[in-house]
Student: 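Just dropping this structure here.
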Amino acid sequence: MAQSVGIKDVARAAGVSVGTVSNVINRPDTVAGETRARVLSAIDRLGYVRSESARQLRAGRSRIMGLLVLDMGNPFFVDVARGAERAAREAGLGVMVCNSAQDAVEEAEYLSLFAEQRVRGVLLTPADATGRNIAAFRRHGIPFVLVDRVAEGTTECSVSVDDIAGGALAVRHLVDAGHRSIAYVSGPPGLTQVRDRRTGALNALAEAGLGPEALRELPTERLDVAAGRDAGARLLGLADRPTAVFCANDLLALGVLQAMYAAGVTVPDDLAIVGYDDIEFAAAAAVPLTSVRQPAVTMGALAAELLLEETERGEGDGKGKRTHEHRRVVLQPELVVRRSSLAAR
């Protein structure tokens, strides 16, 4: 295995001190042109690469922002990451993206990794409903912003979408289309988003004079296509099958759509389907999917900007210390109507 080249090797090859090499790398204007050229030639010849991690430890400032999401297999979180990466790159930072897979234990391990790496800050969509992981991470003093989650019971910043309003949009649309019996494929009940979307659905039913019994909940352990197919199979087995289904995300909705197609159930004539997130695949489905759109890229970018603002507080700006005020940003969802919910009743 080749041995790494250090700054001392460069100094020896160039016939200068370690301090001179450091000045060439960090403050080149302070070094005479001939000496600078000799050092740069040695760097090129030896293939020296500066240790960024060591530099960051000396400076006490990381150039890495952590991003921990529930499921990188979900295009919604890919879009969140795109927005965060764009904002971080504009600030000269990189993003370390990790996937908790909706597992509280994995989430705790990644948060520990972020602490060990001394990241600048963390963007977090929590998987642990108890809040213990957040409480443990807070002790490290690393700033974090909650993404796709309201910061209830915490003082940290958060960027989320009004999921109660989103659930109401979905079910109000179905009620207006004449549906009076609706299934809710809900996902894990411990997730705040799942509960809020159910609350919005019940609110829309109440507005129409319908009771909570008009909503048949089909919980799933995960928020993916396979869980949607399983929910679709259970839906097909109901004796009094609802005429419409609202799914907590688009991956569940696509799974339900697959189950209906395999069973010969026509969408939307026999069953209307509405999803949530409006991922790219929603419009490209065999039956284009009606969905509640979340501004995922904007959410990621805003969260990163809030984190950058917080991590820069206390840095002198020539007029004293900057201050940071924690904020909750709540974005509004939008219903995008496509063919999966358009059958006349």
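This is a predicted model, so every value here is computed, not measured. Residue numbers count from 1 along this sequence.
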Student: With a 4.5 Å cut-off on side-chain heavy-atom distances among I, L, V, M, F, W and Y, is there a chain of contacts connecting V245 to L342?
Tutor: yes
Student: Hey, what do you get for OG1 (T243) to CZ (R180), rounding to the nearest 0.5 Å?
Tutor: 9.0 Å
Student: Any donor-acceptor pair under 3.5 Å linking the side chain of S160 with the backbone of D148?
Tutor: no
Student: Which residues pass the side-chain hydrogen bond (donor to acceptor under 3.5 Å, both in side chains) test with E221, sequence neighbours left out?
Tutor: none
Student: For P126 and L70, work out which heavy atoms get closest and say how close.
Tutor: O-CD2, 3.5 Å
Student: Just by distance, do the side chain of S41 and the backbone of A37 share a donor-acceptor pair under 3.5 Å?
Tutor: no
Student: Quick one, M65 with V119, criterion side chain to side chain contact (heavy atoms under 4.5 Å, CB included). Give me CA distance, side-chain angles, the key distance, then yes/no.
Tutor: CA-CA 6 Å; M65 177 187 299; V119 297; over 6 Å; no
Student: For a 4.5 angstrom cut-off between non-hydrogen side-chain atoms, does V16 reach V24?
Tutor: no
Student: Within a reach of under 6.0 Å around CZ of R45, are more than 12 heavy atoms found that belong to other residues, nucleotides or ligands?
Tutor: yes
Student: Can you name the nearest heavy-atom pair linking Y276 to A248, along with the distance?
Tutor: CB-O, 3.3 Å
Student: Test I64 against Q117 for side chain to side chain contact (heavy atoms under 4.5 Å, CB included), laying out the working first.
Tutor: CA-CA 9 Å; I64 297 297; Q117 296 297 316; over 6 Å; no
Student: So do H140 and R118 actually touch side chain to side chain, heavy atoms under 4.5 Å?
Tutor: no
Student: For R86, enumerate each residue passing the side-chain hydrogen bond (donor to acceptor under 3.5 Å, both in side chains) test, keeping only those at least two apart in sequence or located in another chain.
Tutor: none
Student: Measure the shortest side-chain to side-chain distance between L169 and P333 over non-hydrogen atoms and say whether it is less than 4.5 angstrom.
Tutor: yes
Student: I'd like to know whether L111 forms a side chain to side chain contact (heavy atoms under 4.5 Å, CB included) with F144, so could you lay out the CA-CA distance, the side-chain angles of the two residues, the decisive distance to 0.1 Å, and finally the verdict.
Tutor: CA-CA 11 Å; L111 289 174; F144 64 90; over 6 Å; no
Student: I need the full list of ring-ring contact (aromatic ring centres under 6.0 Å, His included) pairs touching residues 217-251, with sequence neighbours left out, sorted by first then second residue.
Tutor: Y184-F246
Student: Cluster question for you: counting only ILVMFWY and a side-chain heavy-atom cut-off of under 4.5 Å, with indirect links fine, are F281 and V337 together?
Tutor: yes
Student: Tell me every residue that passes salt bridge (charged side-chain N to carboxylate O under 4.0 Å, His left out) with D176, counting only those two or more places apart in sequence or in another chain.
Tutor: none
Student: Would you name the heavy atoms of A183 and L215 that are closest together and state the gap between them?
Tutor: C-CD1, 4.4 Å
Student: Is P143 close to L307 at the side-chain level, that is, under 4.5 Å between some pair of heavy atoms?
Tutor: yes
Student: Check for a donor-acceptor pair, side chain of S291 on one end and backbone N or O of R293 on the other, with a separation under 3.5 Å.
Tutor: no
Student: How many angstroms lie between OG in S186 and CD in Q193, if you round to the nearest 0.5 Å?
Tutor: 12.5 Å
Student: About how many Å separate CZ of R149 and CG of D196, when rounded to the nearest 0.5 Å?
Tutor: 9.0 Å
Student: Write down the atom of P295, the atom of L331, and the distance for their closest heavy-atom approach.
Tutor: CG-CD1, 3.6 Å
Student: Please check: side-chain N/O of R36 versus main-chain N/O of V31, any donor-acceptor pairing under 3.5 Å?
Tutor: yes
Student: So, the side chain of N133 versus the backbone of A104: is there a donor-acceptor pair under 3.5 Å, distance only?
Tutor: yes
Student: Output the distance between atom CZ (R120) and atom CG (L93), rounded to the nearest 0.5 Å.
Tutor: 5.0 Å
Student: Among L223, D277, V69, which one satisfies side chain to side chain contact (heavy atoms under 4.5 Å, CB included) with N74?
Tutor: D277
Student: Could you check if a side-chain atom of V287 sits within less than 4.5 angstrom of a side-chain atom of I273, using non-hydrogen atoms only?
Tutor: no
Student: Roughly how far, to the nearest 0.5 Å, is CD1 of I142 from OG1 of T311?
Tutor: 11.5 Å
Student: Would you sort out whether T290 and H173 count as a side-chain hydrogen bond (donor to acceptor under 3.5 Å, both in side chains), showing the intermediate values?
Tutor: CA-CA 10 Å; T290 294; H173 167 68; 4.6 Å; no
Student: At their closest point, which heavy atom of V171 faces which heavy atom of A201, and how far apart are they?
Tutor: CG2-CB, 3.3 Å
Student: Pick one: which of M299, E305, R328, R327 meets side chain to side chain contact (heavy atoms under 4.5 Å, CB included) with V159?
Tutor: M299
Student: Find out if a path of hydrophobic residues (ILVMFWY) with successive side-chain heavy-atom gaps under 4.5 Å connects V292 to V330.
Tutor: no
Student: Going by the rule side-chain hydrogen bond (donor to acceptor under 3.5 Å, both in side chains), which residues pair with R27 if we only count those two or more places apart in sequence or in a different chain?
Tutor: N23
Student: Check whether R38 reaches the backbone of A14 with its side chain - one donor and one acceptor, N or O, closer than 3.5 Å.
Tutor: yes
Student: Linking I/L/V/M/F/W/Y whenever any side-chain heavy atoms sit under 4.5 Å apart, do L236 and V185 land together?
Tutor: yes
Student: Measure the shortest side-chain to side-chain distance between R234 and D230 over non-hydrogen atoms and say whether it is less than 4.5 angstrom.
Tutor: yes
Student: If the threshold is 4.0 Å, N to carboxylate O, is there a salt bridge linking D278 and R338?
Tutor: yes
Student: State, yes or no, whether a side-chain contact exists between I279 and L251 at a heavy-atom distance under 4.5 Å.
Tutor: yes
Student: Are the side chain of D163 and the backbone N or O of G166 linked by a donor-acceptor pair below 3.5 Å?
Tutor: no
Student: With sequence neighbours left out, write down each residue that passes side-chain hydrogen bond (donor to acceptor under 3.5 Å, both in side chains) with D71, or none if nothing qualifies.
Tutor: none
Student: Check whether more than 12 heavy atoms from other residues, nucleotides or ligands sit under 6.0 Å from atom CD of E217, and answer yes or no.
Tutor: yes
Student: Please determine whether side chain to side chain contact (heavy atoms under 4.5 Å, CB included) holds for the pair V175 and R172, giving the CA-CA distance in whole Å, both sets of side-chain angles, and the decisive distance to 0.1 Å.
Tutor: CA-CA 5 Å; V175 169; R172 191 178 296 124; 5.7 Å; no
Student: Examine distances only and state if a side-chain atom of D250 and a backbone atom of A253 form a donor-acceptor pair shorter than 3.5 Å.
Tutor: no
Student: About how many Å separate CZ of F114 and CG of L68, when rounded to the nearest 0.5 Å?
Tutor: 5.5 Å
Student: Which pair of non-hydrogen atoms, one from A84 and one from V95, has the smallest distance, and what is that distance?
Tutor: O-CG2, 4.2 Å
Student: Given 3.5 Å as the limit, does a donor-acceptor pair link the side chain of S341 with the main chain of V274, or not?
Tutor: no
Student: Are L254 and V336 co-members of a hydrophobic cluster defined by side-chain heavy atoms under 4.5 Å apart?
Tutor: no
Student: E280 versus P75: any side-chain heavy-atom pair under 4.5 Å?
Tutor: no
